[in-house]
Protein chains: 2
Amino acid sequence: MSIQLRPSQALRLWQQVSLAEVRAKEPDLTERQLAILLTIYLDPPPHTVRGLAGKLDVSKPVITRALDTMGALKLVSRHRDPNDRRNVLIKRTVEGALFVERFGDVVVAKSAELPL
Amino acid sequence: MSIQLRPSQALRLWQQVSLAEVRAKEPDLTERQLAILLTIYLDPPPHTVRGLAGKLDVSKPVITRALDTMGALKLVSRHRDPNDRRNVLIKRTVEGALFVERFGDVVVAKSAELPL
DNA sequence: CATGAATGGAACGGAGCCGAAACGGTTATT
DNA sequence: AATAACCGTTTCGGCTCCGTTCCATTCATG
């Protein structure tokens with residue numbers, strides 16, 4: 001038993017959430033940045049630059065730059081892997097967890113308002 | 001009876017759709033552009049630059065530029081209003097309808113794969 | 001008509017992201 | 001110890017989007 005969602009509802013949901021995000025004038029993350037952030041917070045750690053680049057099928061600099069941006073917003077943090085100092089481990093932050101949580105709440109709220 | 005969606009499912013859904021879009025390396029619309037496109041295709045016409053700017057709470061040039069970009073991609077088209085030649089009416093295109101339809105299908109497909 | 005309001009667009013400088021390539025630091029291999 | 005492989009970052013030029021401001025056209029109002 002999976003979620004039942006018709007195409008018109010799916011599109012309406014996306015519109016409502018997008019409108020809310022645009023109007024909120026919040027951090028304004030790129031599609032890529034959002035995908036990275038959600039992956040960090042939903043998929044099990046550890047997360048590395050290379051691993052994320054592979055998962056999104058983008059180049060490493062894309063990940064680095066996205067982490068720069070989101071790091072400045074305190075949504076994620078970076079730490080050298082003590083076991084293999086070539087690696088950088090990406091970790092969650094309190095602010096990031098809050099951001100993700102709020103975003104989820106917006107989606108849930110908008111989905112509850114969907115017409116049948 | 002509305003859609004039942006838990007926060008974890010909402011976030012997972014957004015992640016999966018975002019990942020699919022990033023990996024697809026498609027037209028790569030901005031959040032704003034997507035919100036505009038969906039509004040044009042979901043809300044009843046007529047659509048004007050000023051009307052869209054008000055609905056998204058952004059400035060007119062934002063709409064104009066987004067229409068420039070999406071017009072070049074043939075996702076929307078512009079026509080002068082014959083009744084009031086100051087207005088520009090934004091209309092749908094076959095390519096835009098296909099794009100929106102395909103996007104809706106992606107959301108539906110990802111939502112069907114969601115774990116309970 | 002003449003004036004003012006309203007509409008969409010253009011111009012400007014600034015900021016952010018892009019892809020491709022090259023780079024320094026770390027670990028593995030020989 | 002020397003070399004190669006690996007990892008993340010930085011650099012470069014180029015492109016897009018941004019906000020603000022100003023402009024041309026069109027309509028409403030006296």
Side-chain angles (χ1 to χ4, degrees), chain A residues 18-19 21-40 45-92, chain B residues 18-19 21-40 45-92:
Chain A
S18 297
L19 281 177
E21 292 296 306
V22 169
R23 286 196 271 242
K25 302 180 190 331
E26 294 268 331
D28 198 25
L29 299 183
T30 300
E31 178 105 25
R32 285 174 163 187
Q33 294 171 341
L34 183 61
I36 294 170
L37 187 69
L38 289 176
T39 297
I40 293 170
H47 298 290
T48 65
V49 172
R50 190 169 200 78
L52 290 171
K55 201 168 290 189
L56 302 213
D57 192 24
V58 297
S59 66
K60 288 182 296 175
V62 167
I63 304 296
T64 293
R65 285 185 294 240
L67 293 179
D68 287 343
T69 301
M70 294 192 292
L73 296 171
K74 296 189 189 304
L75 297 178
V76 299
S77 67
R78 281 185 276 200
H79 306 278
R80 281 279 165 195
D81 182 350
N83 298 331
D84 184 342
R85 296 184 49 76
R86 289 175 299 184
N87 286 334
V88 165
L89 303 179
I90 296 105
K91 299 200 169 167
R92 306 164 185 172
Chain B
S18 296
L19 282 178
E21 292 296 307
V22 169
R23 286 197 271 243
K25 301 177 190 330
E26 295 266 331
D28 197 27
L29 299 183
T30 300
E31 178 107 23
R32 285 173 164 188
Q33 293 172 342
L34 184 61
I36 295 169
L37 188 69
L38 289 176
T39 297
I40 293 170
H47 297 291
T48 65
V49 172
R50 200 166 203 82
L52 291 171
K55 202 168 289 189
L56 302 211
D57 193 23
V58 297
S59 65
K60 287 180 300 171
V62 168
I63 304 295
T64 294
R65 285 185 295 240
L67 294 179
D68 288 343
T69 301
M70 295 192 291
L73 296 172
K74 297 189 188 305
L75 297 179
V76 298
S77 66
R78 281 187 275 200
H79 306 279
R80 280 282 167 193
D81 183 349
N83 297 333
D84 184 341
R85 296 184 50 74
R86 288 174 302 183
N87 286 334
V88 164
L89 302 179
I90 296 105
K91 299 198 169 168
R92 304 164 186 173

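Chain naming here is simple, since letters A, B, ... match the order of the sequence lines and numbering starts at 1 in each.
Taking 4.0 angstrom as the limit, B/Thr64 places none of its side-chain polar atoms (N or O) nearer than this to OP1 or OP2 of C/dG8. Under 4.0 angstrom from either OP1 or OP2 of C/dG16 there lies no side-chain N or O belonging to A/Thr30.
The terminal axes of the helix from C/dC1-D/dG30 to C/dT30-D/dA1, fitted over 5 pairs per end, subtend an angle of 10° to the nearest 10°.
Using a 4.0 Å cutoff on non-hydrogen atoms, the parts of residues 52-62 of chain A near DNA chain C are A/Pro61, A/Val62, ordered by number.
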Mind listing the N/O atom pairs, protein and nucleotides 24-30 of chain C, below 3.5 Å?
from   : atom 1 : to      : atom 2 : distance (Å)
C/dT27 : OP1    : A/Arg85 : N      : 3.0

Kindly determine whether B/Leu75 and B/Leu37 satisfy side-chain contact (heavy atoms from CB on, under 4.5 Å), including the steps that lead there. CA-CA 8 Å; B/Leu75 297 179; B/Leu37 188 69; 4.1 Å; yes
Would A/Glu31 and B/Glu31 count as a side-chain contact (heavy atoms from CB on, under 4.5 Å) if you check the C-alpha gap in whole Å, the side-chain angles of each, and the deciding distance to 0.1 Å? CA-CA 7 Å; A/Glu31 178 105 25; B/Glu31 178 107 23; 5.9 Å; no
Output, in order, the C-alpha distance, side-chain angles, deciding distance and verdict of side-chain contact (heavy atoms from CB on, under 4.5 Å) for A/Lys55 and A/Thr39. CA-CA 9 Å; A/Lys55 201 168 290 189; A/Thr39 297; 3.8 Å; yes
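Counting only heavy atoms from C-beta outward, the side chains of B/Leu73 and B/Leu29 approach each other to under 4.5 Å. No side-chain heavy atom of B/Lys91 sits less than 4.5 Å from a side-chain heavy atom of B/Pro46. In this structure, the side chains of B/His79 and B/Val88 stay at 4.5 Å or more apart for every pair of heavy atoms.
Within 3.5 Å, no donor on the side chain of B/Arg78 pairs with an acceptor on the base of C/dG9, nor the reverse.
Contact record, A/Arg80 with A/Arg86: NH1-O, 3.0 Å, taken as the closest heavy-atom pair. When all heavy atoms of B/Leu56 and A/Val22 are compared, the pair lying nearest together is O-CG1, 3.8 Å. The nearest pair of heavy atoms linking A/Pro45 to A/Arg92 is CD-NH2, 3.9 Å.
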Show me the donor-acceptor pairs within less than 3.5 Å that the side chains of residues 63-72 of chain A make with the rest of the protein, sequence neighbours left out.
from    : atom 1 : to      : atom 2 : distance (Å)
A/Asp68 : OD1    : A/Arg78 : NH2    : 2.4
A/Thr69 : OG1    : A/Arg65 : O      : 3.2

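At the heavy-atom level, A/Arg50 lies under 4.0 Å from the strands shown only through sugar-phosphate atoms. Residue A/Gln33 is classed as a sugar-phosphate contact, given heavy-atom separations below 4.0 Å to backbone atoms only.
Judged by distance alone, with hydrogens and angles left aside, the side-chain atoms of B/His47 form a donor-acceptor pair with the main-chain N or O of B/Ile40 at under 3.5 Å. In this structure, the side chain of B/Thr30 does not engage the main chain of B/Gln33 through any donor-acceptor pair within 3.5 Å.
For B/Glu21, the salt bridge (charged side-chain N to carboxylate O under 4.0 Å, His left out) partners at least two apart in sequence or on another chain are B/Arg102.
Along DNA chain D, read 5' to 3', the first and last nucleotides having any atom under 4.0 Å from a heavy atom of chain B are D/dC17 to D/dC27.
Distance CD1/A/Ile90 to OG1/A/Thr48: 6.0 Å, rounded to 0.5 Å.
Nucleotide C/dC17 holds its P atom 15 Å from the CD atom of A/Glu31, rounded to whole Å. To the nearest angstrom, P of C/dG16 lies 14 Å from CZ of B/Arg32. Atom CG in A/Leu73 sits roughly 14 Å away from atom C1' in C/dC17 (whole-Å rounding). Distance A/Asp68 CG to C/dA15 C1': 15 Å, rounded to the nearest Å.
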